[in-house]
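Note that the structure is predicted; figures quoted are calculated from it, not measured. Note that these values count all heavy atoms, side chains included, but never hydrogens, waters or copies made by symmetry.
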Amino acid sequence: MTTKCDVYSFGVVVLETMMGRHPTELISSLSEPSIQNKKLKDILDSRIPLLFSRKDMQEIVLIVTLALTCLCPHPKSRPSMQEIANELL
């Protein structure tokens, strides 16, 4: 186990929180070109109303983007938890 495994797990937990379910299907589709066409509203938990302010949406995009970078198949390409913490601040 390395800290990069922890980063991957963090990404999974964040996506699970945002999606309201385990992101198995999303994770398995990350290497497919069709992922580029995925819309944020298709990823977020459908129980969350999409009436966000612009600032809220920017923060949600940041969080989902960070979570996806944590799932990079190459561990060396994943951010450190310090980098993630800095981005979230």
Considering all heavy atoms, the nearest [X]-[Y] contact:
| X | Y | result |
| --- | --- | --- |
| Asp42 | Arg21 | O-NH2, 4.4 Å |
| Leu40 | Met57 | CD2-CE, 3.5 Å |
| Val14 | Ile63 | CG1-CG2, 3.6 Å |
| Tyr8 | Ile27 | OH-CG2, 3.5 Å |

Task: With Met81, the side chain to side chain contact (heavy atoms under 4.5 Å, CB included) member among Asp6, Asn86, Val7 - done: Val7
TODO: For a side chain to side chain contact (heavy atoms under 4.5 Å, CB included) with Leu26, tell me which candidate from Val12, Leu71, Leu68 qualifies.
DONE: Leu68
Task: Sidechain-backbone polar pair: His74 side chain, Lys76 backbone, donor-acceptor under 3.5 Å - done: no
Task: Non-hydrogen side-chain atoms of Pro79 and Cys70 separated by less than 4.5 Å - done: yes
Open item on the list: Let me confirm one number: the CE-NE2 distance from Met19 to His22, rounded to the nearest 0.5 Å.
Closed with: 9.5 Å
Task: Spacing of Lys4 atom NZ and Arg78 atom CZ [to the nearest 0.5 Å] - done: 8.0 Å
TODO: Let me see the working for Met18 and Ile60 under side-chain contact (heavy atoms from CB on, under 4.5 Å), right down to the final yes or no.
DONE: CA-CA 9 Å; Met18 299 301 284; Ile60 290 169; 3.7 Å; yes
TODO: Give every residue pair that meets the side-chain hydrogen bond (donor to acceptor under 3.5 Å, both in side chains) criterion with at least one member in residues 47-56, sequence neighbours excluded.
DONE: Asp45-Arg47, Ser53-Asp56, Lys55-Glu59
Open item on the list: Do Val13 and Leu30 land in one hydrophobic cluster if side-chain heavy atoms of ILVMFWY residues count as linked below 4.5 Å?
Closed with: no
